[in-house]
Amino acid sequence: GLVANHTRSLERDSDGTLWIGSGYWDAPGGGLSDYDGHKASDLGSRIGLPRGWVSALRRDPRNGFWVGVVPAGQHVPVFTSDTSDVSPSWAGVVPAGLFHFDGQRLTNVFSGRGNGILGLTLDNDGSLWFGEIAGSLYHFRDDHFREFDSKEGIPWAWKRSIRRSADGTLWMGMKEMNTEAGALFRYGPGGFTNVTGRFPLPDDRIQAIEASPLGALWIATSAGVLQCDGGRFTVHTVARGLAGNSVDVLLIDQKGIVWC
């Protein structure tokens, strides 16, 4: 019943139904499924979401959903400088970008350069942070978009995952376009800081970040998952029970159980 096999994002609605985003670069289709505990169905088609890689999901306080979509079945865009636009093969492939579903209506809130949204998170005040797949980071509040780019120290890279932790810190995992080197950034009063070297990450290619209400931070990479809890660090790999070391998605449910 899933729209596609490669799962990229997970979220639950208020009644416990699981929303599953799927798709990948060179795979046709992709989309959004819902699972009620018995069967999965094509939720994206029911609400009018365009086909594509559903790379990010986040539920808002009113039980609406923010959805990040990347065009599927296309080659990765190539950039030559920090100010380059996406390659022509990406432009207009599908209406990619940021969507909001309020339970009745789906709205395309942001399209940007047309290359899609990889990471997004809700802030404590209900505003939204989201990152283009290869472009800027944005803060959306009171119908206004604030852009953060290289002038604020944001590399021109994939914004794979963005999360606000319980202490108010904004975390962002990135991967460079050409070298595939990754980095972990933290945003605070002094702006954005690269803190990759301060954590015993199993790999710097960060693929997902989750934060528990009790303060723990979970960081999924291509070589395992790092649990950061009260200054204690634990690396979870196949040796500790994972089905595989490369983890693309994390979800912490209402009971505090971590799914990956």
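For clarity, every value in this text was computed on a predicted model and none was experimentally measured. These numbers come from the heavy atoms of this one structure, side chains and all, not from hydrogens, waters or symmetry mates.
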Grab the two heavy atoms, one from [X] and one from [Y], that are nearest each other, plus how far apart they are.
X    : Y    : result
L120 : L128 : CD1-CD1, 4.2 Å
C260 : V247 : CB-CG1, 3.6 Å
A166 : P213 : CB-O, 3.7 Å
V54  : R8   : O-CB, 3.7 Å
V238 : N245 : N-OD1, 2.8 Å
V3   : L32  : CG2-O, 3.7 Å

Between the side chains of [Y] and [X], is the shortest nitrogen-to-carboxylate-oxygen separation below 4.0 Å, so that they form an ion pair?
X    : Y    : answer
D42  : R51  : yes
R164 : E210 : no
R141 : D125 : yes

ring-ring contact (aromatic ring centres under 6.0 Å, His included) partners of F148, counting only residues at least two apart: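 F148 satisfies ring-ring contact (aromatic ring centres under 6.0 Å, His included) with W129, Y187, F192 only.
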I'd like to know whether D203 forms a side chain to side chain donor-acceptor pair (under 3.5 Å) with S222, so could you lay out the CA-CA distance, the side-chain angles of the two residues, the decisive distance to 0.1 Å, and finally the verdict. CA-CA 6 Å; D203 189 272; S222 59; 3.1 Å; yes
Treat each ILVMFWY residue as a node, draw an edge where side-chain heavy atoms are under 4.5 Å apart, and state whether [X] and [Y] are in one component.
X    : Y    : value
Y35  : I47  : no
L57  : L106 : yes
I219 : F233 : yes
L242 : V235 : no

Under the 3.5 angstrom rule, does the side chain of [X] hit a backbone N or O of [Y] as a donor-acceptor pair?
X    : Y    : result
T221 : V225 : no
N194 : T196 : yes
T193 : V195 : no
R163 : I209 : yes
D142 : H144 : no

Scan side-chain atoms only and decide if [X] and [Y] contain a donor-acceptor pair under the 3.5 Å cut-off.
X    : Y    : result
T7   : D248 : no
W218 : S212 : no
D60  : H100 : yes
R205 : S246 : no

F99/F65 aromatic ring centres below 6.0 Å: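 That pair fails the under 6.0 Å test.
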Ring centres of W53 and H6 under 6.0 Å apart? no
Stepwise side chain to side chain contact (heavy atoms under 4.5 Å, CB included) check, L49 with V69: CA-CA 9 Å; L49 188 71; V69 178; 4.0 Å; yes
Output the distance between atom [atom1] ([X]) and atom [atom2] ([Y]), rounded to the nearest 0.5 Å.
X    : Y    : atom1 : atom2 : result
L18  : D13  : CG    : CG    : 9.0 Å
E132 : S111 : CD    : OG    : 10.0 Å
I117 : S55  : CD1   : OG    : 7.5 Å
H139 : D123 : NE2   : CG    : 5.0 Å
M174 : S161 : CE    : OG    : 11.5 Å
S127 : R146 : OG    : CZ    : 11.5 Å

Could I get the full list of side-chain hydrogen bond (donor to acceptor under 3.5 Å, both in side chains) partners for T17, not counting sequence neighbours?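 For T17, the residues satisfying side-chain hydrogen bond (donor to acceptor under 3.5 Å, both in side chains) (neighbours in sequence not counted) are D15.
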Begin from the C-alpha positions of W19 and L10 and carry the test side chain to side chain contact (heavy atoms under 4.5 Å, CB included) through to its verdict. CA-CA 6 Å; W19 288 39; L10 295 171; over 6 Å; no
Pairwise side-chain contact, [X] with [Y], heavy-atom cut-off 4.5 Å (strictly under):
X    : Y    : value
S165 : L170 : no
L217 : T169 : no
D102 : T107 : no
F130 : F110 : yes
I206 : L201 : yes
W171 : F185 : no
R198 : R186 : yes
V258 : L250 : yes

Side chain to side chain donor-acceptor pair (under 3.5 Å), that's the test. Do N5 and S22 meet it? Break it down for me. CA-CA 7 Å; N5 289 330; S22 57; over 6 Å; no
Set out, in order, the CA-CA distance, both residues' side-chain angles and the distance that settles side chain to side chain contact (heavy atoms under 4.5 Å, CB included) for L184 and M172, then state yes or no. CA-CA 6 Å; L184 177 66; M172 181 166 54; over 6 Å; no
Where does the angle between the aromatic ring planes of F140 and W66 fall among parallel (under 30°), tilted (30 to 60°) and perpendicular (over 60°)? perpendicular
R240/T234 under side chain to side chain donor-acceptor pair (under 3.5 Å): CA gap, chis, key distance, verdict: CA-CA 10 Å; R240 293 182 63 90; T234 305; 5.4 Å; no
D253: which residues meet the side chain to side chain contact (heavy atoms under 4.5 Å, CB included) condition with it, sequence neighbours left out?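 By the side chain to side chain contact (heavy atoms under 4.5 Å, CB included) rule, D253 matches R12, K255, I257, W259.
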